Amino acid sequence: LPSSCTGESAPVENNTCEVASGSLAIGYNIQCDEEEACIPCFINPNPDPDRRRRYEIRDLPEGHWESFEFAVNTMQNLTMDEGQGKYGPIFKNHVYMVAFHIFATDSLRGEQAHLGAHFFPYHSAFANMYDAVVTTITDYHNLPLESSPYWWPFKDTDQRDIVGPKYFGTHPGLGENYEVIDGRFANWTIPSFNDSLIQYEKYVSNASDNFYAGSIYGQLRESTSYLWQSTYVAFPRDPGMNRTGSEFQPTGLEDVMRCLDCEYDRDNYNIFHFAWCVQERWHVWAHAGLGGFRFTDEGERFNADFDGKQGPISPIFVPFHNTVDMFSSEWMSRYVEWSNVSWGFPYKRAFNYALNDTYDGINLFDTISSSFPMRWYDLGWIPFDGPGANKTVTYFDALCATIKQNADHVYVKFSGAPDGAPGEIVEPRNMSATPADTNMSPADETAITWAESNKDADLLPAAEAFLKAYDTDSDNRLDAAEAFLEELLESSGEDGKRK
(Lines give C-alpha, C1' and ligand atoms only; values in the text may rest on other atoms or scores of the structure.)
Protein backbone atom coordinates (compact mmCIF):
# COMPACT_ATOMS: atom_id res chain seq x y z
CA LEU A 1 0.00 0.00 0.00
CA PRO A 2 1.14 3.58 -0.57
CA SER A 3 3.13 5.19 2.22
CA SER A 4 0.32 7.66 2.85
CA CYS A 5 -1.75 4.81 4.29
CA THR A 6 0.82 2.55 5.96
CA GLY A 7 3.66 2.61 8.43
CA GLU A 8 4.67 5.58 10.53
CA SER A 9 3.16 8.07 8.12
CA ALA A 10 -0.29 6.49 8.38
CA PRO A 11 -3.02 9.02 9.18
CA VAL A 12 -4.61 6.80 11.85
CA GLU A 13 -3.39 4.91 14.87
CA ASN A 14 -5.04 1.65 13.71
CA ASN A 15 -4.40 2.11 10.04
CA THR A 16 -7.66 2.60 8.16
CA CYS A 17 -6.41 1.20 4.87
CA GLU A 18 -4.96 -1.95 6.42
CA VAL A 19 -8.08 -2.47 8.52
CA ALA A 20 -10.26 -2.11 5.45
CA SER A 21 -8.24 -4.53 3.34
CA GLY A 22 -7.67 -6.99 6.17
CA SER A 23 -11.29 -7.12 7.33
CA LEU A 24 -12.75 -8.31 4.06
CA ALA A 25 -12.85 -11.67 2.34
CA ILE A 26 -10.35 -12.33 -0.43
CA GLY A 27 -11.32 -14.40 -3.46
CA TYR A 28 -14.74 -12.86 -4.01
CA ASN A 29 -15.55 -9.64 -5.83
CA ILE A 30 -14.13 -10.73 -9.18
CA GLN A 31 -13.04 -7.61 -11.05
CA CYS A 32 -13.15 -7.20 -14.78
CA ASP A 33 -9.74 -6.88 -16.40
CA GLU A 34 -8.18 -7.32 -19.82
CA GLU A 35 -9.61 -10.83 -20.06
CA GLU A 36 -13.12 -9.77 -19.13
CA ALA A 37 -15.71 -7.66 -20.93
CA CYS A 38 -14.82 -4.33 -19.34
CA ILE A 39 -16.61 -1.25 -20.59
CA PRO A 40 -14.47 1.85 -20.10
CA CYS A 41 -16.16 4.82 -18.50
CA PHE A 42 -15.58 7.94 -20.58
CA ILE A 43 -14.36 10.79 -18.39
CA ASN A 44 -15.38 14.24 -19.59
CA PRO A 45 -12.18 16.31 -19.92
CA ASN A 46 -14.14 19.59 -19.98
CA PRO A 47 -17.00 19.54 -17.47
CA ASP A 48 -19.67 22.19 -18.02
CA PRO A 49 -18.66 25.19 -15.89
CA ASP A 50 -22.31 26.22 -15.61
CA ARG A 51 -23.57 22.96 -14.09
CA ARG A 52 -26.11 23.06 -11.29
CA ARG A 53 -24.46 23.70 -7.96
CA ARG A 54 -25.00 21.72 -4.80
CA TYR A 55 -24.37 23.93 -1.80
CA GLU A 56 -24.06 22.98 1.84
CA ILE A 57 -27.32 23.90 3.57
CA ARG A 58 -25.83 26.84 5.47
CA ASP A 59 -24.22 28.24 2.32
CA LEU A 60 -27.35 28.22 0.17
CA PRO A 61 -28.01 31.54 -1.62
CA GLU A 62 -30.94 33.57 -0.35
CA GLY A 63 -34.30 31.98 -1.07
CA HIS A 64 -32.88 28.56 -2.04
CA TRP A 65 -33.62 26.83 1.26
CA GLU A 66 -37.25 27.96 1.08
CA SER A 67 -37.45 26.52 -2.44
CA PHE A 68 -36.05 23.18 -1.28
CA GLU A 69 -38.46 23.13 1.64
CA PHE A 70 -41.38 23.86 -0.69
CA ALA A 71 -40.41 21.00 -3.01
CA VAL A 72 -39.97 18.50 -0.16
CA ASN A 73 -43.36 19.42 1.29
CA THR A 74 -44.89 19.05 -2.17
CA MET A 75 -43.45 15.52 -2.39
CA GLN A 76 -44.91 14.78 1.04
CA ASN A 77 -48.38 16.19 0.37
CA LEU A 78 -49.23 14.98 -3.14
CA THR A 79 -50.18 11.51 -4.29
CA MET A 80 -48.35 10.05 -7.27
CA ASP A 81 -51.31 10.73 -9.54
CA GLU A 82 -51.66 14.33 -8.36
CA GLY A 83 -47.95 15.01 -8.70
CA GLN A 84 -47.50 13.40 -12.09
CA GLY A 85 -50.62 15.14 -13.36
CA LYS A 86 -49.03 18.50 -12.53
CA TYR A 87 -45.27 17.98 -12.88
CA GLY A 88 -45.07 15.08 -15.31
CA PRO A 89 -43.91 11.45 -15.04
CA ILE A 90 -40.63 12.34 -13.36
CA PHE A 91 -42.54 13.22 -10.17
CA LYS A 92 -42.17 10.84 -7.21
CA ASN A 93 -43.69 11.44 -3.81
CA HIS A 94 -42.12 10.66 -0.44
CA VAL A 95 -44.05 7.42 -0.17
CA TYR A 96 -42.48 6.22 -3.41
CA MET A 97 -38.95 7.13 -2.29
CA VAL A 98 -39.30 5.36 1.06
CA ALA A 99 -40.88 2.27 -0.49
CA PHE A 100 -38.15 2.20 -3.14
CA HIS A 101 -35.42 2.16 -0.50
CA ILE A 102 -37.11 -0.42 1.73
CA PHE A 103 -37.76 -2.68 -1.25
CA ALA A 104 -34.06 -2.69 -2.18
CA THR A 105 -32.96 -3.23 1.40
CA ASP A 106 -35.37 -6.11 2.04
CA SER A 107 -34.79 -7.95 -1.26
CA LEU A 108 -35.02 -11.72 -0.90
CA ARG A 109 -31.90 -12.04 -3.06
CA GLY A 110 -29.91 -10.08 -0.51
CA GLU A 111 -29.39 -6.44 0.43
CA GLN A 112 -29.36 -4.35 -2.77
CA ALA A 113 -28.41 -0.97 -1.30
CA HIS A 114 -25.84 -1.42 1.48
CA LEU A 115 -23.00 -3.59 2.81
CA GLY A 116 -20.91 -3.82 -0.33
CA ALA A 117 -19.45 -1.85 -3.21
CA HIS A 118 -22.99 -1.26 -4.46
CA PHE A 119 -23.63 1.13 -1.56
CA PHE A 120 -22.16 4.09 -3.48
CA PRO A 121 -23.86 3.82 -6.89
CA TYR A 122 -27.19 2.91 -5.31
CA HIS A 123 -27.31 5.96 -3.07
CA SER A 124 -25.81 8.30 -5.67
CA ALA A 125 -28.54 7.27 -8.11
CA PHE A 126 -31.19 7.49 -5.38
CA ALA A 127 -30.12 11.02 -4.44
CA ASN A 128 -30.09 12.04 -8.10
CA MET A 129 -33.60 10.63 -8.62
CA TYR A 130 -34.80 12.63 -5.61
CA ASP A 131 -33.03 15.75 -6.87
CA ALA A 132 -34.63 15.37 -10.30
CA VAL A 133 -38.04 15.60 -8.62
CA VAL A 134 -37.05 18.54 -6.42
CA THR A 135 -35.64 20.60 -9.29
CA THR A 136 -38.59 19.72 -11.55
CA ILE A 137 -40.92 21.19 -8.92
CA THR A 138 -38.84 24.31 -8.32
CA ASP A 139 -38.26 24.89 -12.04
CA TYR A 140 -42.00 24.54 -12.67
CA HIS A 141 -42.69 27.32 -10.15
CA ASN A 142 -39.69 29.45 -11.20
CA LEU A 143 -38.26 29.14 -7.71
CA PRO A 144 -34.54 29.69 -7.10
CA LEU A 145 -32.77 26.38 -6.50
CA GLU A 146 -29.96 24.82 -8.49
CA SER A 147 -29.87 21.43 -6.80
CA SER A 148 -30.75 19.74 -3.53
CA PRO A 149 -28.25 20.80 -0.86
CA TYR A 150 -25.83 18.60 1.03
CA TRP A 151 -25.19 18.57 4.76
CA TRP A 152 -21.72 18.73 6.34
CA PRO A 153 -22.49 16.63 9.46
CA PHE A 154 -19.13 16.61 11.24
CA LYS A 155 -18.29 17.61 14.77
CA ASP A 156 -15.80 20.25 13.66
CA THR A 157 -18.87 22.36 12.73
CA ASP A 158 -21.63 23.67 15.01
CA GLN A 159 -24.72 21.57 14.14
CA ARG A 160 -27.27 23.21 16.43
CA ASP A 161 -28.99 25.03 13.56
CA ILE A 162 -29.25 21.92 11.39
CA VAL A 163 -30.62 19.61 14.10
CA GLY A 164 -32.53 22.35 15.84
CA PRO A 165 -35.60 24.48 15.22
CA LYS A 166 -34.05 26.43 12.32
CA TYR A 167 -33.91 23.47 9.93
CA PHE A 168 -34.60 19.78 10.62
CA GLY A 169 -35.73 19.89 14.24
CA THR A 170 -34.16 18.86 17.52
CA HIS A 171 -32.67 15.36 17.61
CA PRO A 172 -33.52 13.40 19.69
CA GLY A 173 -37.12 14.47 19.34
CA LEU A 174 -38.62 16.63 22.06
CA GLY A 175 -42.03 14.97 21.93
CA GLU A 176 -43.26 12.73 24.72
CA ASN A 177 -42.20 9.64 22.76
CA TYR A 178 -39.22 11.24 20.97
CA GLU A 179 -41.28 12.66 18.12
CA VAL A 180 -39.55 15.56 16.32
CA ILE A 181 -41.95 18.40 17.04
CA ASP A 182 -39.94 21.48 16.05
CA GLY A 183 -38.05 22.64 12.97
CA ARG A 184 -39.21 23.21 9.42
CA PHE A 185 -40.58 19.67 9.10
CA ALA A 186 -42.13 19.34 12.56
CA ASN A 187 -44.61 16.49 13.13
CA TRP A 188 -43.65 14.91 9.80
CA THR A 189 -46.36 12.34 9.03
CA ILE A 190 -45.58 8.63 8.58
CA PRO A 191 -47.94 7.23 5.92
CA SER A 192 -49.91 4.04 6.33
CA PHE A 193 -48.60 1.17 4.24
CA ASN A 194 -51.97 0.25 2.73
CA ASP A 195 -52.22 3.67 1.11
CA SER A 196 -48.61 3.42 0.01
CA LEU A 197 -48.90 0.07 -1.71
CA ILE A 198 -51.53 1.30 -4.15
CA GLN A 199 -49.27 4.12 -5.23
CA TYR A 200 -46.09 2.21 -5.98
CA GLU A 201 -46.84 -1.41 -6.80
CA LYS A 202 -47.35 -0.68 -10.51
CA TYR A 203 -43.68 0.36 -10.68
CA VAL A 204 -42.47 -2.97 -9.28
CA SER A 205 -41.33 -5.44 -11.92
CA ASN A 206 -41.04 -8.44 -9.59
CA ALA A 207 -43.05 -8.20 -6.39
CA SER A 208 -42.18 -11.79 -5.46
CA ASP A 209 -38.58 -10.69 -4.86
CA ASN A 210 -39.61 -8.85 -1.72
CA PHE A 211 -41.39 -9.91 1.43
CA TYR A 212 -42.07 -6.38 2.71
CA ALA A 213 -45.63 -5.88 3.96
CA GLY A 214 -45.38 -2.76 6.10
CA SER A 215 -44.72 -2.56 9.83
CA ILE A 216 -46.73 -4.45 12.43
CA TYR A 217 -48.73 -1.25 12.93
CA GLY A 218 -49.52 -0.96 9.22
CA GLN A 219 -47.16 1.96 8.59
CA LEU A 220 -44.50 2.67 5.99
CA ARG A 221 -41.72 1.57 8.30
CA GLU A 222 -39.50 -1.49 8.18
CA SER A 223 -41.29 -4.77 8.80
CA THR A 224 -39.59 -5.28 12.20
CA SER A 225 -40.33 -1.76 13.48
CA TYR A 226 -42.19 -1.51 16.77
CA LEU A 227 -42.74 2.23 16.43
CA TRP A 228 -46.40 3.17 16.64
CA GLN A 229 -46.10 6.96 16.56
CA SER A 230 -47.81 8.64 13.60
CA THR A 231 -45.00 11.18 13.13
CA TYR A 232 -41.22 11.10 12.70
CA VAL A 233 -39.23 9.73 15.67
CA ALA A 234 -35.57 10.32 16.60
CA PHE A 235 -34.17 8.44 19.61
CA PRO A 236 -31.46 9.50 22.01
CA ARG A 237 -28.31 7.62 21.13
CA ASP A 238 -28.04 5.87 24.47
CA PRO A 239 -30.49 5.15 27.29
CA GLY A 240 -30.65 7.65 30.09
CA MET A 241 -29.57 10.73 28.13
CA ASN A 242 -31.12 13.92 29.41
CA ARG A 243 -33.76 15.70 27.33
CA THR A 244 -32.41 19.25 27.22
CA GLY A 245 -31.66 20.71 23.82
CA SER A 246 -30.26 18.97 20.77
CA GLU A 247 -28.05 16.01 21.59
CA PHE A 248 -27.09 14.99 18.07
CA GLN A 249 -23.69 13.31 18.27
CA PRO A 250 -21.80 14.01 15.05
CA THR A 251 -18.84 11.99 13.91
CA GLY A 252 -15.42 13.41 13.25
CA LEU A 253 -14.39 14.50 9.77
CA GLU A 254 -11.16 12.58 10.24
CA ASP A 255 -13.11 9.32 10.20
CA VAL A 256 -14.16 9.74 6.59
CA MET A 257 -11.08 11.67 5.46
CA ARG A 258 -8.97 8.65 6.40
CA CYS A 259 -11.03 6.56 4.03
CA LEU A 260 -10.76 9.19 1.30
CA ASP A 261 -6.99 9.54 1.63
CA CYS A 262 -6.26 5.83 1.09
CA GLU A 263 -5.00 5.37 -2.44
CA TYR A 264 -6.44 2.96 -4.98
CA ASP A 265 -4.87 -0.49 -4.97
CA ARG A 266 -6.36 -3.20 -7.16
CA ASP A 267 -6.41 -5.95 -4.54
CA ASN A 268 -6.09 -4.13 -1.22
CA TYR A 269 -8.02 -0.87 -1.56
CA ASN A 270 -10.45 -0.71 -4.44
CA ILE A 271 -13.98 0.74 -4.38
CA PHE A 272 -15.23 -2.23 -2.36
CA HIS A 273 -12.78 -1.47 0.47
CA PHE A 274 -13.52 2.25 0.23
CA ALA A 275 -17.25 1.54 0.51
CA TRP A 276 -16.67 -0.64 3.57
CA CYS A 277 -14.54 2.07 5.14
CA VAL A 278 -17.09 4.85 4.62
CA GLN A 279 -20.08 2.74 5.69
CA GLU A 280 -18.58 1.21 8.81
CA ARG A 281 -16.36 4.03 10.03
CA TRP A 282 -18.71 6.93 9.42
CA HIS A 283 -22.05 6.44 7.63
CA VAL A 284 -23.72 4.01 10.04
CA TRP A 285 -22.68 6.05 13.08
CA ALA A 286 -24.04 9.24 11.55
CA HIS A 287 -27.39 7.44 11.30
CA ALA A 288 -27.05 6.49 14.95
CA GLY A 289 -26.04 10.02 15.94
CA LEU A 290 -29.26 11.33 14.42
CA GLY A 291 -31.35 8.98 16.51
CA GLY A 292 -31.72 6.30 13.84
CA PHE A 293 -31.25 3.54 16.38
CA ARG A 294 -30.13 2.95 19.93
CA PHE A 295 -29.11 0.06 22.15
CA THR A 296 -30.53 -0.80 25.54
CA ASP A 297 -28.28 -1.56 28.51
CA GLU A 298 -28.72 -5.22 27.59
CA GLY A 299 -27.47 -4.61 24.05
CA GLU A 300 -30.82 -4.92 22.28
CA ARG A 301 -31.14 -2.66 19.25
CA PHE A 302 -34.23 -0.53 18.59
CA ASN A 303 -34.61 1.32 15.30
CA ALA A 304 -36.22 4.73 14.86
CA ASP A 305 -37.05 6.52 11.61
CA PHE A 306 -33.52 7.38 10.45
CA ASP A 307 -32.56 3.73 10.47
CA GLY A 308 -31.05 2.49 7.22
CA LYS A 309 -34.12 0.82 5.73
CA GLN A 310 -36.73 3.51 6.25
CA GLY A 311 -34.24 6.40 6.37
CA PRO A 312 -35.74 8.33 3.42
CA ILE A 313 -38.74 9.04 5.65
CA SER A 314 -36.58 11.84 7.02
CA PRO A 315 -36.20 15.08 4.99
CA ILE A 316 -32.53 15.10 6.04
CA PHE A 317 -31.84 11.76 4.30
CA VAL A 318 -30.95 13.16 0.87
CA PRO A 319 -28.82 16.12 2.09
CA PHE A 320 -26.87 13.62 4.21
CA HIS A 321 -26.44 11.11 1.37
CA ASN A 322 -25.49 13.88 -1.03
CA THR A 323 -22.43 14.19 1.21
CA VAL A 324 -21.80 10.45 0.80
CA ASP A 325 -22.05 10.98 -2.96
CA MET A 326 -19.60 13.90 -2.76
CA PHE A 327 -16.98 11.72 -1.06
CA SER A 328 -17.41 8.76 -3.42
CA SER A 329 -17.28 11.07 -6.44
CA GLU A 330 -14.14 12.70 -5.09
CA TRP A 331 -12.36 9.38 -4.44
CA MET A 332 -13.15 8.06 -7.94
CA SER A 333 -12.07 11.32 -9.54
CA ARG A 334 -8.62 10.99 -7.96
CA TYR A 335 -8.08 7.72 -9.81
CA VAL A 336 -9.60 8.29 -13.24
CA GLU A 337 -6.94 6.04 -14.77
CA TRP A 338 -8.82 3.11 -13.19
CA SER A 339 -12.18 4.09 -14.62
CA ASN A 340 -11.62 1.52 -17.38
CA VAL A 341 -12.10 -1.20 -14.75
CA SER A 342 -14.71 0.76 -12.75
CA TRP A 343 -12.34 1.21 -9.82
CA GLY A 344 -12.47 -2.52 -9.07
CA PHE A 345 -16.25 -2.74 -8.71
CA PRO A 346 -17.16 -6.48 -8.74
CA TYR A 347 -17.86 -7.79 -12.22
CA LYS A 348 -18.89 -11.18 -10.81
CA ARG A 349 -19.56 -12.68 -7.38
CA ALA A 350 -20.13 -9.35 -5.66
CA PHE A 351 -19.72 -9.78 -1.91
CA ASN A 352 -21.83 -8.61 1.04
CA TYR A 353 -19.37 -8.28 3.91
CA ALA A 354 -22.06 -8.38 6.62
CA LEU A 355 -23.72 -11.56 5.32
CA ASN A 356 -20.33 -13.01 4.30
CA ASP A 357 -21.91 -14.16 1.06
CA THR A 358 -22.33 -13.44 -2.63
CA TYR A 359 -25.63 -13.23 -4.48
CA ASP A 360 -27.25 -11.88 -7.63
CA GLY A 361 -28.25 -8.30 -8.35
CA ILE A 362 -25.22 -6.31 -7.15
CA ASN A 363 -22.65 -6.95 -9.88
CA LEU A 364 -21.29 -4.13 -12.03
CA PHE A 365 -23.66 -4.50 -14.99
CA ASP A 366 -26.74 -5.50 -12.99
CA THR A 367 -29.70 -3.14 -12.91
CA ILE A 368 -29.80 -1.30 -9.60
CA SER A 369 -32.58 -2.83 -7.49
CA SER A 370 -33.84 -4.60 -10.61
CA SER A 371 -37.17 -5.65 -9.06
CA PHE A 372 -38.03 -1.98 -8.51
CA PRO A 373 -35.72 -0.22 -10.96
CA MET A 374 -34.76 3.34 -11.76
CA ARG A 375 -34.88 4.41 -15.38
CA TRP A 376 -32.80 7.01 -17.12
CA TYR A 377 -35.66 9.49 -17.25
CA ASP A 378 -36.18 9.08 -13.48
CA LEU A 379 -32.77 10.65 -12.92
CA GLY A 380 -33.33 13.40 -15.47
CA TRP A 381 -30.64 12.01 -17.78
CA ILE A 382 -33.03 11.74 -20.74
CA PRO A 383 -36.46 13.34 -21.28
CA PHE A 384 -39.41 11.04 -20.67
CA ASP A 385 -40.16 10.77 -24.38
CA GLY A 386 -36.50 10.64 -25.48
CA PRO A 387 -34.67 7.63 -26.94
CA GLY A 388 -33.46 5.30 -24.22
CA ALA A 389 -35.56 6.99 -21.54
CA ASN A 390 -36.81 3.64 -20.24
CA LYS A 391 -33.37 2.06 -20.02
CA THR A 392 -32.84 0.80 -16.50
CA VAL A 393 -29.94 2.25 -14.51
CA THR A 394 -27.08 -0.16 -13.77
CA TYR A 395 -24.36 0.17 -11.15
CA PHE A 396 -21.94 0.93 -13.98
CA ASP A 397 -24.22 3.70 -15.27
CA ALA A 398 -24.45 5.30 -11.84
CA LEU A 399 -20.70 5.13 -11.16
CA CYS A 400 -19.85 6.63 -14.52
CA ALA A 401 -22.50 9.36 -14.41
CA THR A 402 -21.81 10.57 -10.87
CA ILE A 403 -18.02 10.88 -10.85
CA LYS A 404 -17.54 14.61 -10.50
CA GLN A 405 -16.12 15.14 -14.00
CA ASN A 406 -19.30 13.66 -15.52
CA ALA A 407 -22.00 14.69 -13.07
CA ASP A 408 -24.69 17.21 -14.01
CA HIS A 409 -23.95 19.07 -10.78
CA VAL A 410 -20.93 20.29 -8.89
CA TYR A 411 -20.42 20.29 -5.11
CA VAL A 412 -19.49 23.74 -3.85
CA LYS A 413 -17.00 23.52 -1.00
CA PHE A 414 -18.58 24.28 2.36
CA SER A 415 -17.38 27.57 3.82
CA GLY A 416 -16.71 25.82 7.13
CA ALA A 417 -14.72 22.91 5.67
CA PRO A 418 -10.95 22.67 6.24
CA ASP A 419 -8.27 22.55 3.58
CA GLY A 420 -8.18 19.20 1.81
CA ALA A 421 -11.89 18.55 2.15
CA PRO A 422 -13.82 17.82 -1.06
CA GLY A 423 -15.80 20.43 -2.91
CA GLU A 424 -15.07 23.09 -5.51
CA ILE A 425 -14.40 26.78 -4.90
CA VAL A 426 -16.58 28.69 -7.37
CA GLU A 427 -17.29 32.28 -8.24
CA PRO A 428 -20.70 33.58 -7.10
CA ARG A 429 -23.44 33.55 -9.70
CA ASN A 430 -24.35 36.88 -11.28
CA MET A 431 -27.50 37.79 -9.37
CA SER A 432 -27.85 41.28 -10.91
CA ALA A 433 -30.73 40.46 -13.24
CA THR A 434 -32.81 43.30 -11.78
CA PRO A 435 -31.99 47.01 -12.19
CA ALA A 436 -29.48 48.28 -9.69
CA ASP A 437 -31.82 51.00 -8.39
CA THR A 438 -34.63 48.67 -7.26
CA ASN A 439 -33.33 47.33 -3.90
CA MET A 440 -34.96 44.03 -4.84
CA SER A 441 -33.62 40.94 -3.10
CA PRO A 442 -33.65 37.42 -4.60
CA ALA A 443 -36.49 36.62 -2.20
CA ASP A 444 -38.46 39.60 -3.57
CA GLU A 445 -37.85 38.36 -7.10
CA THR A 446 -39.15 34.94 -6.12
CA ALA A 447 -42.28 36.45 -4.58
CA ILE A 448 -43.01 38.52 -7.68
CA THR A 449 -42.51 35.56 -10.00
CA TRP A 450 -44.79 33.45 -7.83
CA ALA A 451 -47.50 36.11 -7.68
CA GLU A 452 -47.41 36.74 -11.43
CA SER A 453 -47.81 33.02 -12.13
CA ASN A 454 -50.73 32.59 -9.70
CA LYS A 455 -53.19 35.27 -10.78
CA ASP A 456 -56.30 33.14 -10.50
CA ALA A 457 -59.45 35.17 -11.11
CA ASP A 458 -60.45 35.35 -7.47
CA LEU A 459 -56.92 36.31 -6.41
CA LEU A 460 -56.23 38.84 -9.15
CA PRO A 461 -56.93 42.02 -7.13
CA ALA A 462 -54.76 40.86 -4.23
CA ALA A 463 -51.96 39.74 -6.54
CA GLU A 464 -51.99 43.04 -8.43
CA ALA A 465 -51.91 44.98 -5.17
CA PHE A 466 -49.01 42.87 -4.06
CA LEU A 467 -47.09 43.65 -7.26
CA LYS A 468 -47.90 47.38 -7.26
CA ALA A 469 -46.59 47.65 -3.70
CA TYR A 470 -43.07 47.24 -5.04
CA ASP A 471 -43.23 50.86 -6.16
CA THR A 472 -43.44 51.91 -2.52
CA ASP A 473 -41.55 51.25 0.69
CA SER A 474 -40.88 47.91 2.38
CA ASP A 475 -43.65 48.29 4.98
CA ASN A 476 -46.25 48.51 2.22
CA ARG A 477 -44.69 45.50 0.51
CA LEU A 478 -45.10 43.47 3.67
CA ASP A 479 -48.68 44.64 4.16
CA ALA A 480 -49.55 43.74 0.58
CA ALA A 481 -47.91 40.35 0.88
CA GLU A 482 -49.84 39.64 4.07
CA ALA A 483 -53.12 40.66 2.45
CA PHE A 484 -52.36 38.50 -0.57
CA LEU A 485 -51.73 35.47 1.65
CA GLU A 486 -54.95 36.06 3.55
CA GLU A 487 -56.89 36.16 0.27
CA LEU A 488 -55.13 33.00 -0.83
CA LEU A 489 -56.00 31.12 2.34
CA GLU A 490 -59.65 32.10 2.10
CA SER A 491 -60.03 31.61 -1.64
CA SER A 492 -60.34 27.86 -2.09
CA GLY A 493 -60.64 25.96 1.15
CA GLU A 494 -58.13 23.21 1.82
CA ASP A 495 -56.62 23.57 -1.64
CA GLY A 496 -55.86 27.22 -0.93
CA LYS A 497 -54.20 26.37 2.36
CA ARG A 498 -51.98 23.82 0.68
CA LYS A 499 -50.93 26.41 -1.92
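These numbers were taken from a predicted model, which means no experiment stands behind them.
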Can you confirm whether Leu115 sits close enough to Trp276 that some side-chain heavy atom of one is under 4.5 Å from a side-chain heavy atom of the other? no

Does the pair Cys259/Cys277 show an SG-SG distance of less than 2.5 angstrom? yes

Evaluate side chain to side chain contact (heavy atoms under 4.5 Å, CB included) for Phe91 paired with Thr136, printing each intermediate quantity in order. CA-CA 8 Å; Phe91 178 85; Thr136 294; over 6 Å; no

Kindly compute the distance separating OH (Tyr96) from OH (Tyr130), expressed to the nearest 0.5 Å. 14.5 Å

Between Tyr122 (side chain only) and Ala117 (backbone N and O only), is there a donor and an acceptor less than 3.5 Å apart? no

Quick one: does His171's side chain have a donor or acceptor within less than 3.5 Å of a partner on Gly169's backbone? yes

Modelled atom types, side-chain donor and acceptor of Tyr395 and Asp366, under 3.5 Å: no

Output yes when a side-chain donor or acceptor of Trp343 lies under 3.5 Å from a complementary backbone atom of Tyr335, and no otherwise. yes

Mind listing the closest non-hydrogen atom pair of Pro422 and Met257 along with its distance? CD-SD, 4.3 Å

How far apart are the closest heavy atoms of Val180 and Ala234, and which atoms are they? CG2-CB, 3.9 Å

Please report the C-alpha distance between Tyr232 and Phe185 in whole Å, then the side-chain angles of each, then the deciding distance to 0.1 Å, and finally whether the ring-ring contact (aromatic ring centres under 6.0 Å, His included) criterion is met. CA-CA 9 Å; Tyr232 181 73; Phe185 305 101; 9.9 Å; no

When every non-hydrogen atom of Ser147 is compared with those of Arg54, the smallest separation belongs to OG-NE, 2.9 Å

Check for a donor-acceptor pair, side chain of Glu424 on one end and backbone N or O of Val426 on the other, with a separation under 3.5 Å. no

Note: Asp131-Arg52 ion pair, threshold 4.0 Å (strictly below): no

Could you walk me through whether Tyr264 and Ile271 satisfy the side chain to side chain contact (heavy atoms under 4.5 Å, CB included) test, starting with their C-alpha distance in whole Å, then the side-chain angles of each, then the deciding distance to 0.1 Å, before giving a yes or no? CA-CA 8 Å; Tyr264 175 88; Ile271 196 169; over 6 Å; no

Between the CZ atom in Arg53 and the CD atom in Glu146, the distance rounded to the nearest 0.5 Å is 6.0 Å

Assess the side chains of Asp325 and Tyr411: does a donor N or O sit below 3.5 Å from an acceptor N or O? yes

Result of checking Thr392, Asp397, Thr394 against Thr367 for side chain to side chain donor-acceptor pair (under 3.5 Å): Thr392

Any non-hydrogen side-chain atom of Phe120 less than 4.5 Å from a side-chain atom of Val278? yes

Heavy atoms, side chains only, cut-off 4.5 Å: are Val324 and His283 in contact? yes

Quick one: are Trp65 and Arg58 in side-chain contact, heavy atoms under 4.5 Å? no

Could you tell me whether a side-chain N or O of Gln310 sits under 3.5 Å from a main-chain N or O of Val98, the two making a donor and an acceptor? no

Could you walk me through whether Asp357 and Asn352 pass the side chain to side chain contact (heavy atoms under 4.5 Å, CB included) check? CA-CA 6 Å; Asp357 198 5; Asn352 178 314; 5.6 Å; no

Evaluate the side chain to side chain contact (heavy atoms under 4.5 Å, CB included) criterion for residues Ile137 and Leu143: first the C-alpha distance (whole Å), next the side-chain angles of each, then the deciding distance (0.1 Å), finally the verdict. CA-CA 8 Å; Ile137 294 170; Leu143 298 175; 5.9 Å; no

Tell me the closest heavy-atom pair linking Ser67 and Pro144, and the distance in Å. OG-O, 3.0 Å

Would you check if the side chain of Ser339 reaches a backbone N or O of Val336 as a donor-acceptor pair within less than 3.5 Å? yes

Do the non-hydrogen side-chain atoms of Ile362 and Phe351 ever get within less than 4.5 Å of each other? no

What I want to find out is whether Arg334 reaches Asp261 closely enough, with some N-O distance under 4.0 Å, to be called a salt bridge. yes

Check: Leu60 main-chain N/O paired with His64 side-chain donor or acceptor under 3.5 Å: no

Would you compute the distance between atom CZ of Phe68 and atom OH of Tyr55 and round it to the nearest 0.5 angstrom? 15.5 Å

Where the side chain of Asn406 meets the backbone of Thr402, is there a donor-acceptor pair that is under 3.5 Å apart? no

Ring-plane angle category for Phe119 and His114, please: parallel below 30°, perpendicular beyond 60°, tilted otherwise. tilted

Check whether the ring centres of Phe274 and Phe345 lie less than 6.0 Å apart, and answer yes or no. no

Arg221 side chain near Ile190 side chain, heavy-atom distance below 4.5 Å: yes

Is Glu330 salt-bridged to Lys404, cutoff N-O under 4.0 Å? yes

Any carboxylate oxygen within less than 4.0 angstrom of a Lys/Arg side-chain nitrogen, looking at Glu69 and Arg184? yes

Can any side-chain N or O of His141 pair as donor or acceptor with the backbone N or O of Thr138 at less than 3.5 Å? no

Can you give me the closest heavy-atom contact between Phe396 and Ser342, atom names plus distance? CD1-OG, 3.5 Å

Answer yes or no: is there an ion pair linking Lys413 with Asp59, defined by an N-O contact shorter than 4.0 Å? no

Should Gln112 and Thr105 count as side-chain neighbours, where that means a heavy-atom distance under 4.5 Å? no

Taking side chain as C-beta onward, heavy atoms only, is Thr74 less than 4.5 Å from Tyr87? yes

With rounding to the nearest 0.5 angstrom, report the CH2 to OG distance, Trp188 to Ser314. 9.0 Å

Taking atom CG of Asp360 as the centre, report whether more than 12 heavy atoms of other residues, nucleotides or ligands fall under 6.0 Å from it. no

I'd like to know if the side chain of Ser107 reaches the main chain of Ala104, judged simply by a donor and an acceptor atom lying under 3.5 Å from each other, with no hydrogens or angles considered. no

Angle class for the Trp152/Phe154 ring planes (parallel below 30°, perpendicular above 60°, tilted otherwise)? perpendicular

Minimum heavy-atom separation for Ile368 to Ala125, with atom names? CD1-CB, 4.1 Å

In this structure, CZ of Phe100 is separated from OG of Ser369 (nearest 0.5 Å) by 4.5 Å

Does the ring center of His101 lie less than 6.0 Å from the ring center of Phe126? yes

Spatial distance of atom OH (Tyr347) from atom CG (Asn363) [nearest 0.5 Å]: 9.5 Å

